[in-house]
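Sending over a structure as structure tokens; questions will come in a sec.
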Amino acid sequence: MTLALDRLHDELLTPADTGLPARAAGLTARAFLATEPTLDEFWTPLTVLDRAALEHNATTVQRWTSEAGLELMPHGKTTMAPQLWALQLDHGASGLTLATPGQLRTARAFGADRLMLANALVAPAALAWLAGELADPGFRFHCWVDSIETVEAMERGLATLPPLPRPIEVLVELGGAGGRTGARSLADALALARRVAASPVLRLAGVAGYEGALAHDRSAAGLDAVRDYLAAMLELRDGLADLVDDAAPLIVTAGGSAYPDLVAEVFAPAIAAATASARPGRWILRSGASLVHDDGFYHGISPLDAELVPAMRGYARVVSHPEPGLALLDGGRRDFPFDEGLPRPLAVSAELGDAATRPLPGAEISAVNDQHAFLRGEALPVRVGEVVALGLSHPCTAFDKRRWLPVVEHAGSTRVVELVRTFF
């Protein structure tokens, strides 16, 4: 799958594009990059990506997934950046996962033709749009259902439309107590699978789930909860296998970026048995945050932390030093993720991109307001006007803050070699 990215390079940059140098306004992204911009031209607050780290992570995750016998359909909602989707597709990802109908439409606009919606699709307008897309014989699509009520809502939405070119392929989602969406018992999930199999407009394709909603650490209790849930997904797969068309591969999909090792561990015997049978099926991992990794939540929980490299950094300028031990930076909630951990101060320099940095031992970001971060520490070695480099946590809420993110060649480089465009 090749995405059509040329129009991104030909898009005009404007003064409304926060963070970009003033001289970029009126130039296309391609023309601006041809001038070989450097990081010191950009305005704070800013989030910067690292091309070498992105390439390394894409290679690492794809290799790891393939060695585990899994496909990778990374969750595109993490970045909503077609250029980064293309990077993983180029490294071997078999498709993309999205979370909302609007995100699906964006992906289709760039030519994506193998998509999974890790959610229910019940809005009549979105169902009408999908019905039109299904006329493309090369388009492959799956969405999730977690209740008979969801199936009925889909059927109502489709009832007023012309006959579908082909049924919508759906996966039965298994949930867990205290989790997010998903049927709350195997009995309910099997009853739902039978209802899907009887629908004239839907086709049962397999099983889906998200284990990341059941734990947020690597405690023994958390790991056991995830393992038990994944085992239940396999039990559901076995229970509904006879309802799925023998001519189509039976799909099982799980896995965020926190517990892919447990997915591989629990699924391994079933993958081996299926591979040796006449019906190997498809086993799909949806890890999205692993491409970017981070210095916070995933740094602490990912089993691949030793192999992955944080590919994003925040930069914010000291705008106030009102008392000893406190400095205020010009970036806050509107600029950096904060839902799974606050930014972590790494170093300070005289200017953005300056190679001469000083460490900030013992410093921390204690709080963030809309446009300020509170930098605290004993005898803070910072001056008003200097720039603090920040380690960020949780890629899923980092990319929605910017329309364009500069990409440097590698850590320590100041040369901007790409502008990544987001679509939120």
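For clarity, every value in this text was computed on a predicted model and none was experimentally measured.
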For a quick test of reading the model, state the closest non-hydrogen atom pair linking G255 to L285 and the distance between them. CA-CD1, 3.6 Å
Residues D330 and Q371: side-chain donor-acceptor under 3.5 angstrom: no
Selection residues 377-424 - residue pairs positive for ring-ring contact (aromatic ring centres under 6.0 Å, His included), sequence neighbours left out: F110-F423
Can we say E11 and R30 salt-bridge, meaning some charged N sits less than 4.0 Å from an Asp/Glu carboxylate O? no
Pairwise ring-ring contact (aromatic ring centres under 6.0 Å, His included) hits with a residue in residues 60-99, at least two apart: none
Which residue, M312, E340, R344, forms the side chain to side chain contact (heavy atoms under 4.5 Å, CB included) with D294? M312
With rounding to the nearest 0.5 Å, note down the distance linking CD in Q83 to CD in E418. 5.0 Å
If you measure from the Lys or Arg side-chain nitrogens to the Asp or Glu carboxylate oxygens, is any gap between E55 and R51 under 4.0 Å? no
Any sub-3.5 Å donor-acceptor pair from S413's side-chain atoms to V408's backbone N or O? no
Of all the heavy-atom pairs spanning A177 and L214, show the shortest one and how long it is. O-CD2, 4.2 Å
Hey, is the main chain of V207 close enough, under 3.5 Å, to the side chain of E173 for a donor-acceptor pair? no
How many angstroms lie between atom CG of L121 and atom CE of M154, to the nearest 0.5 angstrom? 5.5 Å
Which atoms form the tightest heavy-atom contact between G353 and T414, and what is the distance? O-CG2, 3.0 Å
Please determine if D50 and R313 form a salt bridge, counting it only when a charged side-chain N lies under 4.0 Å from a carboxylate O. no
Check L12 against R403 and note the closest heavy-atom contact, atom names and distance. O-NH2, 4.5 Å
What's the shortest heavy-atom distance between A367 and L342, and which atoms? N-CD1, 3.9 Å
Side-chain donor or acceptor of S302 paired with backbone N/O of H299 under 3.5 Å: no
So, does Y229 use its side chain to make a donor-acceptor pair with the main chain of Y210 at under 3.5 Å? yes
Taking R333 for the side chain and V368 for the main chain, is one N or O donor matched with an acceptor at less than 3.5 Å? yes
Can you measure from CG (N119) to CG (L117) and round to the nearest 0.5 angstrom? 5.5 Å
Is any side-chain heavy atom of F32 less than 4.5 Å from a side-chain heavy atom of P37? yes
Between CG of L304 and NE2 of H293, what distance do you get to the nearest 0.5 Å? 8.0 Å
Looking at R334 and D370, does any basic side-chain N land under 4.0 Å from a carboxylate oxygen? yes
Give, for atom OG of S320 and atom CG of L375, the distance between the pair rounded to the nearest 0.5 Å. 11.5 Å
Can you tell me how far apart CG (D305) and OG (S257) are? Round to the nearest 0.5 Å. 12.0 Å
Looking at R203 and E169, is any side-chain nitrogen of the basic one under 4.0 Å from a carboxylate oxygen of the acidic one? yes
Start with the C-alpha distance between L326 and F374, add both sets of side-chain angles, then the distance that settles side chain to side chain contact (heavy atoms under 4.5 Å, CB included), and finish with yes or no. CA-CA 7 Å; L326 173 64; F374 290 71; 3.9 Å; yes
Check for a donor-acceptor pair, side chain of Q103 on one end and backbone N or O of A99 on the other, with a separation under 3.5 Å. yes
Does the S393 side chain pair with the main chain of F297, one donor and one acceptor, at a distance under 3.5 Å? yes
Tell me which pairs pass salt bridge (charged side-chain N to carboxylate O under 4.0 Å, His left out) where either residue lies in residues 112-141, with sequence neighbours left out. R108-E133, R108-D136
Check whether N57 reaches the backbone of V309 with its side chain - one donor and one acceptor, N or O, closer than 3.5 Å. yes
Considering only residues two or more places apart or on different chains, which pairs with a residue in residues 18-28 satisfy salt bridge (charged side-chain N to carboxylate O under 4.0 Å, His left out)? R23-E41
In short, salt bridge (charged side-chain N to carboxylate O under 4.0 Å, His left out) pairs touching residues 280-290 with sequence neighbours left out are E71-R282
Regarding R402 and D335, does a basic nitrogen lie under 4.0 Å from an acidic carboxylate oxygen? yes
All pairs passing salt bridge (charged side-chain N to carboxylate O under 4.0 Å, His left out) where residues 145-167 contributes a residue, at least two apart: E155-R195
Ignoring hydrogens and angles, tell me if any N or O in the side chain of T44 forms a donor-acceptor pair with the backbone of L46 under 3.5 Å. no
Checking Q62 side chain against A93 main chain: does a donor-acceptor pair fall under 3.5 Å? yes
Testing the 3.5 Å rule here: is there a donor-acceptor pair between the side chains of D339 and T397? yes
